[in-house]
Every structure is written in structure tokens, then in C-alpha cells.
There are 2 protein chains.
Amino acid sequence: MPVSVLLVDDDALVRAGLRAILEAQPDIEVVGEAADGAAVIPLVRQLAPDVVAMDVRMPLMDGIEATRAVLRAFPAPPKILVVTTFEEDQYVYGALRAGADGFLLKRARPAEIVHAVRLVAEGESLLFPAALRSLAAGHGNEGARAAVAAARLTDRESEVLRLIARGLTNAEIAAELVLGTETVKSHVSALLAKLGARDRTQAVITAYESGFVAPGAAG
Amino acid sequence: MPVSVLLVDDDALVRAGLRAILEAQPDIEVVGEAADGAAVIPLVRQLAPDVVAMDVRMPLMDGIEATRAVLRAFPAPPKILVVTTFEEDQYVYGALRAGADGFLLKRARPAEIVHAVRLVAEGESLLFPAALRSLAAGHGNEGARAAVAAARLTDRESEVLRLIARGLTNAEIAAELVLGTETVKSHVSALLAKLGARDRTQAVITAYESGFVAPGAAG
DNA sequence: TGGCGGCTCCCCCGCACGGGGGAGCCGCCA
DNA sequence: TGGCGGCTCCCCCGTGCGGGGGAGCCGCCA
């Protein structure tokens, strides 16, 4: 059962590129295209795609509004993969709050694009915007790859991040999870690398900004 | 021109106590009372108080809902001072998100209660819930005093907290503000003490949880 | 069967951090 | 006039933190 994808981008060139890359995969099928967010709702209703690859900047209705509209309109909405560039990273937070499931960088390599589509199709994928931003600084394509491939935390890392975001030290986390402090340090290091965070403070910021934790939700 | 206060608490004893304490001040005037949040809207319309001292737990409409209702109903709403106890601190975040302007602990001393009313009346007062919680742990009355009196940050401290909440190190903050690192350290220490935070990580958490910074608002 | 990723734990090392002091300058206000 | 709070900068000191290595165990899957 292939993953069905709807492409939404005002640039025909981008649509064609995405279609070519994705159609080359046996398990991915592009079922439709749209040139603006305003056309998304009826197309989703008609095509019922698994994933919508959604551009951010479009003339009539931008990707953020369209994301919101789709999630409002359908009880079981498709996964929304927001297609963005480093220059547009100010839209990332808005898209996240609108309910986007993942991010795709236009300058990513084909294999990464394919990977991203599969990831969001599988569900529960959270790509951290801070990782995008920090990795974007200077590293060029390296950044794109890392942002797409590495930004998924393991269960343990998620658990540790949650405790970091509650203000615990490594020793306290170790006690809480019944682990050695060295183990916690390992998880913290891995987690910081994946998030593109320099230290636990930046990790907490990323946790809040990405919606990984929400104000008021903590105990 | 005295500060006018509306008391909202289902406990008549509490109302009487607040009235006695506040009326003893020449610059504070209690203009009305209500026993439930459901009665607040018409009373605010009629009395136009500067401050509403609002209990959290009330039979018909709780303080959080009432706060929300008041802020929705009036273009220039009164300041909302939420009256709470340490046992009720789980309501603090909800009240903050509802738009409350400050917090008052029932076991606070009279002078502190008066101070809190004057503070919110002056505007722009933000009392940090994390400071409440951490100070509440064990210190008894000490905690109440500190939470009310110390939780207001100076301009410089607010500036530093904002930069901490953007992930900067002390050295980077110093460069940003054109200061010495030792100066930044002084501000950070003062700020941590006021917030009841152990380190900058907890300070960031407090900043988000209190609404001092909001997800998506950062640049 | 081998490889790989996740989880666990260990070492060494440098450093940013935070606490404890103190001090001088300025402006406000009693 | 003196006091006080805010802002600035300095010292010393301990340590939690994060990076750099490495290693063994397990389960999944090709």
C-alpha cells in the first residue's frame, strides 16, 4: 500500500521536482497537485492523501493557514509536511502551532525528501525547528540532512528531555529514571546533538518552541 | 485618588478580613463584594473597580473562568489579583493564562496584601508562579513575603532573562548588552533568586510557564 | 549469521556556571 | 543631608555540565 501525496506549491518547478523525486519510489504515489493553499480542502476531500507536502509562501492562502484549515476540516486529516527554506524559518513556529507534522527543506537531497515523506506518513514525527535553524547556520547541505534524519528522539531521549524541561539536573534525572548519571549524560549529549542545542537551556527552549512541552501542561 | 477594589470570595470571613486590612489604608477603597465569580461581570460594570481580588475556588464560577469572562467583557478591564493558597497552586498557571495580573497568598501578612494590591493597581506586575512554588516549599511565612515582595524584576534583570530565554550564555549576554560578564553574572544571580530558580534552565522554564516569554514569539 | 541501533556505563578534560563575598557610582526621595 | 535601590565591576571557589573517547548487552532484521 503506497503512501499517497498531495503537492501544494505555487511554483510549478518545485511541484515537478517533488513529483519526479517521489514518483521514483515504488512505495510513494503523487495523487495530486495544487498551486495554492486555497485549493487544498476540496482536493484533500477528493483524493484523501496520506501526506500533504505544503509550501509556506503562496499567493492566496499560505501554508500555515491552509494547514490549520485542513486540520479543522477533517476528522482524520492527512499528515502535513511543510516545505520550507532556511530563509523562511520564521514561519516554522507558526506552522508547528498550526499542527504541521514535519518539515522539509527545499534544498534537501532527494533521498532526504523521500525519507521525510515516509517519516510523516508513519506518524508521530516531530522535527525540531531549532535543529533546523542551528544546523542551517553555515553547514549548507550537511544541515539539511541532519535536520531531517537526526531530529527524531528515541523514547529514552524524549523522557530525558521531558525531565530536563522540568528543571532537573542530570543526577536528579538519573535518580528519577533509576539510571547511572553517566547514562543520563549520554542521553543528554545525544539529545542536544539531535536538537542542535548547545546546552540544556537551549534544549528547554526548543522543547517549548517546538510544542514538545507546552506552558501550563507541566505538573 | 484611591485604588478601588472589588472583593470576590465565597468565604465571608476572607472578604471581611481583606476589607478590614485594605480599608485601613487611606489610598485603598473596597467598593464592593461578591460571593461568586458568576456575579462579577455586572459588579465590575457597575462599580468599575481598579482591582478585583479574585478567589480561585468558588461554587458557581471559579476565579479562572471569571477572570477570563471579565477580560473578555471589558475593553479596559480592571486588574485581576488572584487570591490563592499554596495548596491551590495547580490553579496558578490556568489563572495566568486566563490573564490574571498577579497573585496573592491568603496567608500573606497584611502589609504584603496591601502591597500586592498597590502593585497590580500600578500595572505591569508579573508575579512568578515558580517563585511562589519553590519558596512555598518549607519556608512558611518567609515564602509568602518573598513571593510577593521579591518577584518583580528590574528592567535590567528582565532584559537578561529575555536573553537567557533565547539561549545565550553569560558571555554572549554581556556582548549583546555591552556589559562585563561579571555584571551579567550579578544580574543572573539576582534574577535566579527572585524567581526561585536553581539555575538558568529553571529560569527559562519559569519564563515560559509564567508567560514572560511565549512560544513562537521569539525571533 | 552479521550488522545496526538503542540502552547502559566508564574514563578524562576544560569550562561555563552559580554562590559567596565586596565596592563604587548614580539618581531618587525622605 | 543621608539612605536606598539599581547598575556596574571585581575576587575566589566548587561543581555541574558537555565533549571526547570507549565498551558491553540486547533485539531486530537483512
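Below, chains carry the letters A, B, ... as their sequence lines are ordered, and counting in each starts from 1.
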Looking only at heavy atoms, what is the nearest atom pair of [X] and [Y], with distance?
| X | Y | answer |
| --- | --- | --- |
| A/Ile205 | B/Arg166 | CD1-C, 3.5 Å |
| A/Leu168 | A/Ile173 | CB-CG1, 3.7 Å |
| A/Pro78 | A/Val52 | CG-CG2, 3.6 Å |
| A/Thr201 | B/Ile164 | CG2-O, 3.9 Å |
| A/His187 | A/Val160 | CB-CG2, 3.9 Å |
| B/Thr181 | B/Ala171 | CG2-CA, 3.9 Å |

### Task
Indicate whether OP1 or OP2 belonging to D/dC9 is found under 4.0 Å from a side-chain N or O atom of B/Thr183.
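Looking at the OP1 and OP2 atoms of D/dC9, one of them is under 4.0 Å from a side-chain N or O of B/Thr183.
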
### Message
Does a side-chain N or O of A/Thr181 approach OP1 or OP2 of C/dC9 to a distance below 4.0 Å, or not?
### Response
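The answer is no; no side-chain N or O of A/Thr181 sits under 4.0 Å from OP1 or OP2.
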
### Task
Going 5' to 3' through nucleotides 15-23 of chain C, assign each nucleotide B (protein heavy atom under 4.0 Å from a base atom), S (under 4.0 Å only from sugar-phosphate atoms) or - (no protein heavy atom that close).
--SBB----

### Task
Take nucleotides 25-30 of chain C nucleotide by nucleotide from the 5' end and write B, S or -, depending on whether a protein heavy atom sits under 4.0 Å from the base, only from the sugar-phosphate, or from neither.
------

### Query
Is a donor on one side and an acceptor on the other found under 3.5 Å between the side chain of B/Gln202 and the backbone of A/Gly167?
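Between the backbone of A/Gly167 and the side chain of B/Gln202 there is a qualifying donor-acceptor contact (under 3.5 Å).
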
### Message
Quick check against the 3.5 Å criterion: does B/Asp50 have a side-chain atom that pairs as donor or acceptor with the backbone of B/Ser4?
### Response
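Looks like yes, one N/O pair under 3.5 Å.
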
### Message
Run through DNA chain C and report every stem of 3 or more consecutive Watson-Crick or G-U pairs, distances under 3.5 Å, ordered by first number.
### Response
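Stem segments, range with range: C:1-30 with D:1-30.
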
### Task
Check whether any side-chain heavy atom of A/Ile64 lies under 4.5 Å from a side-chain heavy atom of A/Arg68, and answer yes or no.
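A side-chain contact under 4.5 Å exists here.
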
### Task
Determine, stepwise, if the pair B/Arg162 / B/Glu176 fulfils salt bridge (charged side-chain N to carboxylate O under 4.0 Å, His left out).
CA-CA 12 Å; B/Arg162 227 171 285 276; B/Glu176 178 80 18; over 6 Å; no

